[in-house]
Amino acid sequence: MATRGQFTTRIGAIAATVGSAVGLGNIWRFPYETGVHGGAAFIFIYLLCVLVMGIPVIVAEFVVGRRTHKNVCGALREMAPGRKFHWFSAVCIVASILIISFYSVVCGWILEYLFQAISGGLAGTSDYSKLFGDFVSSPYRGVMWTVLFLFANYLVLKRGLKRGIERMANVMMPLLFVLLVVFCVNSLMQPGAIEGIKFMFSPDFSAITPHVAIGAMGQAFFSLSLGLSCLLTYSSYFKDSDSLVKNAVSVALLDTMVAVLAGVMIFPAVFSYGMTPEAGPKLIFEVLPAIFGQMPGGYVLAILFFFLLFMASITSTISMSEISIAYFSEELKLNRNKASLLNTVIAMVLGTLCALSFGVMSDFKIFGMTLFDLFDYMSSNILLPLGGIFFSVLVGWVVDKKIVADELSNHGKLKVGVLKPLRFCLRYVAPFTIVLVFLYGLGVFEFLK
Ligand code: TRP
């Protein structure tokens, strides 16, 4: 067998995997969802989802990846011989490229804002919704930043697993944590900050409708990078001595911690400056820049904030790209550079189309959605939950339970006390709840509204 890359250290492996999980999902979406959907009650439901389906499905992907040390296609061939499951690798690759395409448009906005923050453009305006509107609808600026972001993504990918991915994660993840804590402290020190904390943490169970609960499950999936063999691919680079259960729990804990901290970083400041927390997606591009504009030290804070977002997002797009790069290099036998290039070119073409859907292509609609929305909808609402069902059924029902136990215990060297509950979640709880998410994504529960 050709020698295959491995993460050098366990810390490196966890940093990279947390880097994948921590992204726009945590810093952009989670705080806003929490804010409008019942505060602590939403967080409670979210934690439950992470526990009963998030962690089990992470473990499922880890078992398949680390057992085989292969890309998704090779891994499925080996784990389920004779079952012709490799069609599923096509689902993973297509879905991951769709996600990169719309995700990198938002990453492009982050780069533009970073640029504006540095060049003084952000400080020089007072109408932030006009700034945002003008920018996203301009015919070329969104495209330019999307392409630039994907190029940066490529530069890391082509350096390979250790010198590119692992090294970047080892630097960026600790830095991201430090910055996040600095922002939380700063936010908490603003006058009236306590209102933001109350807003975020006071439980309002009446705000929890079935819609919100199922939305929380979908959010857990996206935030943990589940269902599309992203974690399978990373775990195929884990060492045989790593404890898969410990790694899975660490990743889930750190990812959730970052999401909650992101809320603490945002809401106290939002309340302190008399802004509305329900701004949703606009929170980060319109509300926060306005706040930085009034804060002492706002110039530097704005730069650091968009830099933090940049680090969170590039470690995620790298992990999405690695799914197809591992496939291209191991199944199609392309070298690392060519595989990265192929991934980048496809993402640039589709990403450009997504970026244009805020401008010249805003009238181009399929099923009533722009390309940006369509890619988001298809991947997040359909392909992701399908993938989650696939992995929980594969490891819960198809793969021999002795193999699962053997892999989780590192061939009997570790004691795994949670095998039974884990298997129960994988066989029953996860598939059932994910089917709910899936039907919800298709709009089957519209009548509950
Ligand atoms: N988890 C990342 C976020 O929260 C996004 C992400 C990275 C992802 N890799 C993925 C989502 C694979 C689904 C599948 O932003």
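By convention here, the first residue in the shown sequence is residue 1. Atoms within a ligand are numbered from 1 in the order they appear, just like the ligands themselves.
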What do you reckon, does Tyr103 put a non-hydrogen atom under 4.0 Å from ligand 1?
-> yes
Heteroatom proximity flag, Leu24 to ligand 1, N/O under 3.5 Å = yes
For the pair Tyr113 and Phe135, name the ring-plane relationship: parallel under 30°, tilted 30 to 60°, perpendicular over 60°.
-> perpendicular
Could you find the nearest protein heavy atom to atom 13 (C) of ligand 1 and give me its residue, atom name and distance?
-> Leu384 CD1, 3.6 Å
Would you say Gly25 and ligand 1 have an N/O pair spaced under 3.5 Å apart?
-> yes
Between Glu33 and Arg29, is a salt bridge (Lys or Arg N to Asp or Glu O under 4.0 Å) present by the stated rule, with each step listed?
-> CA-CA 6 Å; Glu33 295 266 324; Arg29 196 152 169 257; 3.7 Å; yes
Among all protein heavy atoms, pick the one closest to atom 9 (N) of ligand 1 and tell me residue, atom and distance.
-> Ser225 OG, 3.3 Å
Pairwise distance CH2(Trp28) to CD1(Ile110) - rounded to 0.5 angstrom | 8.0 Å
With under 30° as parallel and over 60° as perpendicular, where do the rings of His37 and Phe42 fit, or are they tilted in between?
-> tilted
Strictly by modelled atom types, are Glu61 and Ser235 linked by a side-chain donor-acceptor pair under 3.5 Å?
-> no
Taken to the nearest 0.5 Å, the spacing of Ser379 OG from Leu386 CG works out to 12.0 Å
Short version for Ser319: what comes under 4.0 Å of ligand 1, heavy atoms counted, is side chain
Nearest protein heavy atom with distance in Å, relative to atom 4 (O) of ligand 1 = Ala21 O, 3.0 Å
What part of Thr317 sits under 4.0 Å from ligand 1 if we count only heavy atoms: the side chain, the backbone, both or neither?
-> neither
Looking at Trp145, Phe132, Phe306, which one forms a ring pair (Phe, Tyr, Trp, His ring centres under 6.0 Å) with Trp109?
-> Phe132
Of the listed options (Phe221, Phe222, Tyr234), which comes nearest to atom 1 (N) of ligand 1 when hydrogens are ignored and any heavy atom counts?
-> Phe222
Between Cys230 and ligand 1, which residue portion shows a heavy-atom distance shorter than 4.0 Å: side chain, backbone, both, or neither?
-> side chain
